[in-house]
Amino acid sequence: MELIEDNPRAPLVPVNGIPLIKYFAEALEQLKDFQAWPDDILISTYPKSGTTWASEILDMIYQGGDRKKCQRSPIFIRVPFLEFKAPGVPTGMETLKETPPPRILKTHLPLSLVPQTLLDQKVKIIYIARNAKDVAVSYFNFYKMAKVHPEPGSWEEFLEKFMTGKVSYGSWYQHVLEWWELRKRHPVLYLFYEDMKKDPKKEIQKIIDFVGRPLPENILDQIVQQTSFKAMRENPMTNYSTLPKQIMDHSISPFMRKGATGDWKNTFTVAQNERFDADYEKQMAGSDLHFNTEL
Ligand code: A3P
């Protein structure tokens, strides 16, 4: 059996120009057999944008707010991660085989690598976007603790890689923009992490309406509570603590790290922020997609 120690911190592998974690690049081969079903729901995000949060919200909605049912297995089993592969852990495709419909699926893939079957089957997509600065900081800490990634280098070095799309899954700018455009021709509910922080009840109601699974208000209130950062940080079924330390080492940085908007200010220097803003304007020029970087 392959061990992660055999390939510690393997370099990213380009697939159609998109750099990917070595194991995930390998998993794309298996993903060719994937068949989407019309009642699937896909959660799509650039990494570190609130995927786990949205996954727990969706599962809670599907289980009618039943907390016990949502404790049946870790979030990465309840919501299969399509391109996931890591030594010693079931792949996304293996997990999928054990998943009864209606299925909630997760991907971080850019549109160019997303299995066409999801688009052909008109699968409803919930896209969560988060502002680039908080994503960059969250991603830097995640690179350090999730050892399927290459070494991130210093923060300065990592930020440079982030800005030039040389991190796993490529450019944040391209990702958020292409899924934003997709909503014009496909059923996409495009939500923002910052809005979810500000008014989770309102955003969860949007998800409920989009998936067509109405719930009484008291259940909605319970879902808001049970999917709060604090509740999810303490819940072993959502905080990734069940994964082996060789895959994720929470002593380096916990998966449920801060869960805040505007935390980037604790990491960016003034000079880095100015350079980032100037580059951001260029990369997002002409787009009507806007983000809040603080609440
Ligand atoms: P931080 O590293 O900034 O804390 P993903 O699930 O896409 O990998 O995103 C992980 C980020 O979402 C982490 O951000 C994590 O703390 C945050 N997060 C997870 N659950 C959350 C919740 N219920 N509320 C707010 N943030 C949450």
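Numbering of ligands and ligand atoms starts at 1, following listing order.
Close approach of ligand 1 to Trp53 is summarised as follows: ligand atoms under 4.0 Å from at least one heavy atom of the residue are 20 (N), 21 (C), 22 (C), 23 (N), 24 (N), 25 (C), 26 (N). Annotation for ligand 1: atoms under 4.0 Å from non-hydrogen atoms of Met256 are 16 (O), 19 (C), 20 (N), 21 (C). Less than 4.0 angstrom separates some heavy atom of Met232 from each of these atoms of ligand 1: 20 (N), 23 (N). Interface of Thr227 with ligand 1, defined as ligand atoms under 4.0 Å from a residue heavy atom, comprises 23 (N). Atoms of ligand 1 found under 4.0 Å from any heavy atom of Gly259 (numbered from 1 in listed order, with element): 1 (P), 4 (O), 16 (O), 25 (C), 26 (N). Interface atoms of ligand 1 facing Ser228, defined by a heavy-atom separation under 4.0 Å, are 23 (N).
Protein heavy atom nearest atom 1 (P) of ligand 1, with residue, atom name and distance: Ser138 OG, 3.5 Å. Counting protein heavy atoms only, atom 8 (O) of ligand 1 is closest to Lys48 NZ, 2.9 Å. Of the protein's heavy atoms, Arg130 NH1, 3.8 Å lies nearest to atom 11 (C) of ligand 1. Looking only at protein heavy atoms, the nearest one to atom 7 (O) of ligand 1 is Thr51 OG1, 2.3 Å. Nearest non-hydrogen protein atom to atom 15 (C) of ligand 1 is Phe255 O, 3.9 Å. In terms of protein heavy atoms, atom 6 (O) of ligand 1 is closest to Thr52 OG1, 2.5 Å. For atom 17 (C) of ligand 1, the closest non-hydrogen atom of the protein is Tyr193 OH, 3.9 Å.
Between Leu189 and Val211 there is no side-chain heavy-atom pair separated by less than 4.5 Å.
The N/O atoms of Tyr46, backbone and side chain alike, include none that comes under 3.5 Å of an N/O atom in ligand 1. Residue Ala260 places no N or O, backbone or side chain, under 3.5 Å from any N or O of ligand 1.
A donor atom on one side chain and an acceptor atom on the other are not found under 3.5 Å apart for Gln225 and Asp221. No hydrogens or angles considered: nothing links the side chains of Thr261 and Glu294 as a donor-acceptor pair under 3.5 Å. Gln272 and Trp155 share a side-chain donor-acceptor pair at under 3.5 Å. If you check the side chains of Ser241 and His250, you find no donor sitting under 3.5 Å from an acceptor. For the residue pair Trp180 and Asp288, a side-chain donor N or O sits within less than 3.5 Å of a side-chain acceptor on the partner. Under the 3.5 Å distance criterion, with hydrogens and angles disregarded, a donor-acceptor pair is assigned to the side chains of Asp134 and Asn131.
Counting heavy atoms under 4.0 Å from ligand 1, residue Phe142 does not touch it at all.
The shortest separation from a heavy atom of Asp134 to ligand 1 is not under 4.0 Å, leaving the residue out of contact.
Using a 4.0 Å cut-off between charged side-chain N and carboxylate O, Glu157 and Lys161 make no salt bridge.
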**Request:** Carefully, step by step, assess Asn141 and Lys258 under the rule side-chain hydrogen bond (donor to acceptor under 3.5 Å, both in side chains).
**Result:** CA-CA 11 Å; Asn141 286 287; Lys258 289 202 177 169; over 6 Å; no
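For His108 and Phe81, the gap between ring centers is short of 6.0 Å. If you look at Trp179 and Tyr190, their ring centroids are not closer than 6.0 Å.
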